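Everything below concerns the one structure shown next.
Nothing here was measured: the structure is a model prediction, and the numbers come from that model.
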Amino acid sequence: MRTAGVVGGGPAGLIAAEVLAGAGVAVTVYDRMPSPTRKFLLAGHGGLNITHSEPRDRLLGRYGDAADLLAPMVEAFTPDDLRAWCAGLGEETFVGTSGRVFPRSFRATPLVRAWLARLDDLGVRVERRQRWDGWADDGATLRLTGVGGAVHGDRREVAHDVVLFALGGASWPRLGSDGSWVARFAERGVAAAPLRAANVGVRVGWTAGFAERFQGVPLKHVAVSVRGSGRPAVRGDAMVTRTGLEGGPLYATGAAVRAALDAGGCVLELDLRPDTPAERLADRLARRRPKDSRSTWLQRSVGLDPVAVGLLREATGNAVPDDPAAVAALLKAVPVAVPEVMPIEKAISSAGGIRWSEVDDRLMLRALPGTFVAGEMLDWEAPTGGYLLQASFSTGVAAARGMLGWLAGR
């Protein structure tokens, strides 16, 4: 019987293990943590958003520069396939009002429990607390070290006919994805784009008064864009934190934010009234009552809440203009300077990873025949909304099918 080693017990690794075992390959999964799927389980704490229901072209567009590369993999294991897979594990899914897809239980735990039971039935071995420490001198045998528990410090070498690496990126290092694999792959001539924070908040130099008063308060129904990026604004709710901004619109503009920072500086523009043209805002603002304070004027005229008024004061150094046209223009593009993004340890995911030029269309490394990669180890990124998990599952399935093809060819 042919054997396969899967290094990494996240969604990409485990779905690959399932495909391989279902085809009669003896599979062993090695995971550094006391139990697999730690990050997957954490993602399900607030409701497991497993994929998205939007049309194909729009969904693929969420993957930015990697869309064309990921397209054949997502088409080979589609959102509908992922939903059917969930149903097969006893977890029917539903589409939320935003188009996001969730299990009926809204949690990851029942799905993971059923999944691990299926893998066990297929004969997949899951070896926990096993850290991959590179390759032996032959360049193919895996070196493993036990971490914690009864196996702590145990060192051994294992060999397989084919190996998949699904070690994730560099976000959530306490759950096992710390990006330490980059240096080991570089030693073997495998190039990777730098791992950087994605789906992460940005730092903003708020005044102490604004931060103290409004931390934890959302800016509702705004549109966020990056000045000079040429990319469309992203709508949603942005959350004020003590040190900056968080939320879906910030995550979706992450690539543009990083590009602006690399070019020398980033300024966000927040449209506080994206559904109302500037001319109409100016007309409403022109009806100011003589005795209205500036805050009352802004609230009465255009419905600004205190946090939005505070943001205008932050942007103007507490000198919001009196001219209706000037205020209207400001409301459509409140400038917020961003000196940096939050550190990668606070990110939901990471950008960067093994460059696509390093793998063939089966996701096998050109420099290491018989070695495949999947999931966030590859150089792609996507916003939250189910897109991250969808691509992780799809690349895991694609890699497993590539591994089966390679084994058959041998």
Side-chain angles (χ1 to χ4, degrees), residues 6-23 27-54 59 62 73-74 76-128 164 166-169 171-172 174-177 199 348-349 374-376 382-401:
V6 175
V7 185
L14 292 188
I15 195 66
E18 181 178 335
V19 172
L20 290 164
V27 183
T28 303
V29 176
Y30 304 99
D31 195 76
R32 184 173 119 186
M33 304 305 289
S35 59
T37 71
R38 286 293 182 96
K39 191 174 176 181
F40 186 62
L41 287 167
L42 182 66
H45 280 184
L48 181 64
N49 178 195
I50 199 160
T51 187
H52 205 287
S53 64
E54 65 188 0
L59 183 140
R62 306 295 185 182
M73 300 170 204
V74 174
F77 192 74
T78 67
D80 286 341
D81 293 329
L82 182 49
R83 295 184 68 184
W85 175 83
C86 290
L89 289 171
E91 282 293 306
E92 296 290 341
T93 56
F94 71 96
V95 179
T97 55
S98 64
R100 299 182 181 198
V101 177
F102 301 89
R104 288 286 178 191
S105 66
F106 217 59
R107 295 160 49 234
T109 305
L111 189 66
V112 167
R113 188 180 296 119
W115 193 8
L116 293 177
R118 174 186 284 178
L119 291 173
D120 186 60
D121 290 342
L122 287 169
V124 174
R125 295 177 56 199
V126 179
E127 297 199 12
R128 299 160 172 82
L164 170 70
L167 290 166
S171 60
W172 299 98
R174 64 187 178 85
L175 299 181
S177 298
N199 289 301
I348 294 173
S349 62
E376 280 192 69
T384 57
Y387 311 107
L388 292 164
L389 282 174
Q390 177 64 55
S392 293
F393 276 97
S394 293
T395 56
V397 169
R401 291 172 179 170

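Counting only heavy atoms from C-beta outward, the side chains of Thr37 and Pro11 never approach each other to under 4.5 Å. The shortest distance between side-chain heavy atoms of Pro79 and Leu59 falls below 4.5 Å. Using a 4.5 Å heavy-atom threshold, the side chains of Leu20 and Leu164 count as separate. Val126 places a side-chain heavy atom less than 4.5 Å from the side chain of Arg128. Counting heavy atoms from C-beta outward, Val29 and Val124 have side chains that approach closer than 4.5 Å. At least one side-chain heavy atom of Asn199 sits under 4.5 Å from a side-chain heavy atom of Leu388. With a 4.5 Å cut-off on side-chain heavy atoms, Arg62 and Glu54 count as touching.
Annotation: the span from Ser394 atom OG to Leu389 atom CG amounts to 10.5 Å, rounded to 0.5 Å. Note that CZ of Arg174 and CE of Met33 are 8.5 Å apart. Values are rounded to the nearest 0.5 Å. To the nearest 0.5 Å, atoms CD (Gln390) and OG1 (Thr78) are separated by 7.0 Å. Here Arg100 contributes atom CZ and Thr93 contributes atom OG1; the two are 15.5 Å apart, rounded to the nearest 0.5 Å. In this structure, the separation between CZ on Phe77 and CG on Asp80 is 10.5 Å, given to the nearest 0.5 Å.
Of all the heavy atoms in Ser392 and Ala12, the pair that sits closest is O-CB, 3.4 Å.
Ring-centre distance between Phe393 and Trp85: below the 6.0 Å cut-off.
Ring geometry for Phe40 against Trp115 counts as perpendicular: the plane angle is over 60°, on a 0 to 90° scale with 30° as the lower cut.
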*Please walk me through it: do Trp172 and Arg38 pass side chain to side chain contact (heavy atoms under 4.5 Å, CB included)?*
CA-CA 10 Å; Trp172 299 98; Arg38 286 293 182 96; over 6 Å; no

*Run the side chain to side chain contact (heavy atoms under 4.5 Å, CB included) check on Leu14 and Arg118 step by step: do they pass?*
CA-CA 11 Å; Leu14 292 188; Arg118 174 186 284 178; over 6 Å; no

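No side-chain N or O of Glu376 forms a donor-acceptor pair with one of Ser349 less than 3.5 Å apart.
Glu91 pairs with exactly one of Val112, Leu111, Ile50, Leu48 by the side chain to side chain contact (heavy atoms under 4.5 Å, CB included) rule, that one being Leu111.
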